[in-house]
Structures are given as C-alpha cells and as structure tokens.
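Here the structure comes first, spelled out in structure tokens, and everything after it is commentary.
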Amino acid sequence: MTEQWRLLQTGFKNAYSNMAIDKAILVANSEGKVPPTVRFYGWDPAAISIGYFQSLVEEVDIEACERFGVDYVRRITGGGAVFHEKELTYSIVVPESHPEIPKNIIQSYGRICGAVMKGLHQLGIESDYAPINDIVTGGRKISGNAQTRKLETVLQHGTVLMDVDVDTMFSLLKVPNEKIKDKLIADVKQRVTSLKHILGNEIRFNEVARAMKIGFEEEFDIELIEGKLSKEELALAKQFEKESFSTTEWNHRR
Amino acid sequence: MQSHSIYKVPQGKLLKISLEYDEKKNVITDIRITGDFFAYPEEAIELLETKLKNTILERKQLLEKISSFITEGQIQFIGVNAEGLTQGILMCRP
C-alpha cells in the first residue's frame, strides 16, 4: 500500500507564524506525534526572510520594510534573503531515517527539489536542479530552497515564484555596493523568472498547490492526505512565534 | 581595530566577516561570520566564532584551527569551507 503523508494547506499568514509553524511540525514529527508532512502556504503581509547566518541590518532595509508594510524574519535554515510576495511556499518535514531521504545533505536537496520540479512539470514547465539549492527553468531561477536538520528530522522549505517584483525587492534589501545597484537589479531581472512570466498569464495559488501536491506524491511515491495541525503543533507554533520569531532577540541576533 | 570583508567563495556562497583584532598582537578579539551559506548543525557557527577568539591572524594557524573544528565537531558546511573562511578572515586585515 502506498505510504500516506499529511498535507497541510495553511493559507496566507504572517512571517512569524509561518516560520513558527514549520518549526512546530519539525518538533512534533521528531517526537513521532505526526506523520511526515508537506505544507503549502503563502505570506500576508509580504515579508523578507533571511537565512540563519545572515546579518539582519546588513541585508534588510528595516526602515523601508516599515514604510512598505513588509515584515522581516530570520529563518532557522541557512541560505539567502528572500522577498516573499507572490509565491507558493512549501515545507517538507520527514525523519532523517526515512528510506526516501538520502543521508547525504546535498543529495537530499536534489530529491526534494525533484518534487518541486515534478510539480512544475504538471504546469507544463520543464526545469533543472541547480545545485545546491536552486531550481531553474531556461537557465533562470524559479525556486529557492533551504534545509535544516534538527532532532534527527529534515525540514526543507522553498519557494515557487508565481510573480516577481525585482524593483520592490531591491528597495527592501540592502546591496553591498550602492554604486552598482542598478546593474545588480538588471542582472537579477535576467536571472530570475516566474510562473506568470513563463506561462504568459497569472496562475492561481490553488492551481500551483494542486500541481505541487502531485509532484511530491510522484517524487516520494506517497499519497498526501489533507489534514490539520494538531493541537500540540498549534500550541508549539504559538510559543515559537512569541518566544523567538517575532522577537528582536531572534531577528537581530546576527 | 574593527574591519569587515565580503568574499565570494569560489563555487560557493557570499561570506561576510566582521572582525575586531588587536593590531599589536595580531590577534582576533571578536569575530562575526555571516552570509548566505549553510552549516549543519547551524549552532556550530557560534561555537566557531568563540573558538576563533585569541587566534593569531595568520593563514596556517587559522586554517588548522578551522579545519580541526570542522573535523572534530563533524560539522558540514555547504557553500563555504575552511579555506574560504580563512581567506575571508585574512581579507579583513589591510
């Protein structure tokens, strides 16, 4: 019988809540209380997330974020700063010991990115894995991904860009060298793409989610059964949101 | 003396280092390693920062200290390595 994992569709939430939920699922799964889980979500308000090792003040123009009503949050995963606006974000939580998950971290990035690529295929888009943590189509980035391993559990989250506004993104992010900012923006516009750009029209979040569900099911030979966060996960998420993700201590710690 | 470097690790990520050092003794007094790389476990970076305090700013010693930290702690860096970290640190010195 096909193995069943849980699918969570948690809708659009703020940055602190989104990051807290991913961590809560990781903790609950590590204790064997919930099955392996794939989650699809969005961001409201739009937000910047930065990698665990990044310096908030070096990467993010905090004053601009406040002016635009954009939140910012530090992730528990490494990697770079991301402007989350028009995108589908996924997360996957699964024990490190699961036979479908390679022990080798880079290989496991490849497997999980494979699920996203199979999802893109459902939308008629062919893509390539660009190690370590990107997916490209026609050489241009459509998805960025970041993984952590804690409590013998893998958490990877990543984006599928539905539309992209590079100018707004760069008004919120700091660049190392202001003199070359215009060139940098032009470069990024060349290097990044979106579902809207490829398909030629807007695509609905639910349509992307439907495609990604099939992608994950095919890649891991599983069936995703729609479920809900457990009471314990909800309580944990609330705790993590309050104690870390929404706090200055956490977000400014580096 | 306070200093800062930005170093694109070859085939890797962007490493940003903030360094405080004693010019006379040529010794690190404080260091912050930031960037868009990955490390497993993530908490290793704070331990490495602590470990690098009081290290002499010299390539061989830095490389040895960082390499042994990675091996002993079974740390896995992705997008940066001991050579990249050493280079980024040394670039903070004029």
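First the proteins, then the strands, lettered A, B, ... as listed; each starts at 1.
Neither the backbone nor the side chain of A/Ile50 comes within contact range of chain B; no heavy atom of the residue lies under 4.5 Å from a heavy atom of that chain. Heavy atoms of A/Gln147 lying under 4.5 Å from chain B belong to its backbone as well as its side chain. When heavy atoms are compared at a cutoff of 4.5 Å, B/Phe38 approaches chain A by way of both its backbone and its side chain. Contacts of A/Ala146 with chain B are made by both backbone and side-chain atoms, with heavy-atom separations under 4.5 Å. Within the 4.5 angstrom heavy-atom criterion, no atom of B/Gln11 approaches chain A.
A heavy-atom distance below 4.5 Å is not found between the side chains of A/Glu63 and A/Phe68. For the pair A/Val82 and A/Arg75, the minimum side-chain heavy-atom distance is below 4.5 Å. Side chains of A/Leu120 and A/Leu195 form a contact here, defined as non-hydrogen atoms less than 4.5 Å apart. Annotation: side chain of A/Asn14 is not in contact with side chain of A/Trp43 (no heavy-atom distance under 4.5 Å).
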Practice task
Apply the test ring-ring contact (aromatic ring centres under 6.0 Å, His included) to residues A/Tyr90 and A/Phe216: give CA-CA distance (whole Å), side-chain angles for both, the deciding distance (0.1 Å), then the verdict.
Solution key: CA-CA 10 Å; A/Tyr90 78 84; A/Phe216 277 87; 5.4 Å; yes
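Panel note: side chain A/Lys181, backbone A/Phe170; a donor-acceptor pair is recorded below 3.5 Å. Panel note: side chain A/Arg254, backbone B/Thr34; no donor-acceptor pair is recorded below 3.5 Å. Within the 3.5 Å criterion, the main-chain N or O of A/Glu96 finds a donor-acceptor partner in the side chain of A/Lys103.
Ranking A/Ile132, A/Thr77, A/Ile76, A/Ile105 against chain B, the residue ahead of the rest is A/Ile105, based on heavy-atom pairs under 4.5 Å.
Along residues 14-29 of chain B, the residues that come nearer than 4.5 angstrom to chain A, judged on non-hydrogen atoms, are B/Lys16, B/Ser18 in order of number. Interface with chain A: from residues 61-87 of chain B, residues B/Gln76, B/Ile78, B/Gly79 qualify, criterion being any non-hydrogen pair under 4.5 Å.
Under the 30°/60° scheme for interplanar angles, the aromatic rings of A/His98 and A/Trp5 are found to stand perpendicular. Using cut-offs of 30° and 60° on the angle between ring planes, the pair A/His252 and A/Tyr72 is perpendicular.
Qualifying side chain to side chain donor-acceptor pair (under 3.5 Å) partners for B/Lys13, counting only residues two or more places apart in sequence or in other chains: A/Asn133.
Identified under the side-chain hydrogen bond (donor to acceptor under 3.5 Å, both in side chains) test for residues 17-29 of chain A, with sequence neighbours left out: A/Asn18-A/Arg39, A/Asp22-A/Arg39, A/Asp22-A/Tyr41, A/Asp22-A/Ser91, A/Asp22-A/His157.
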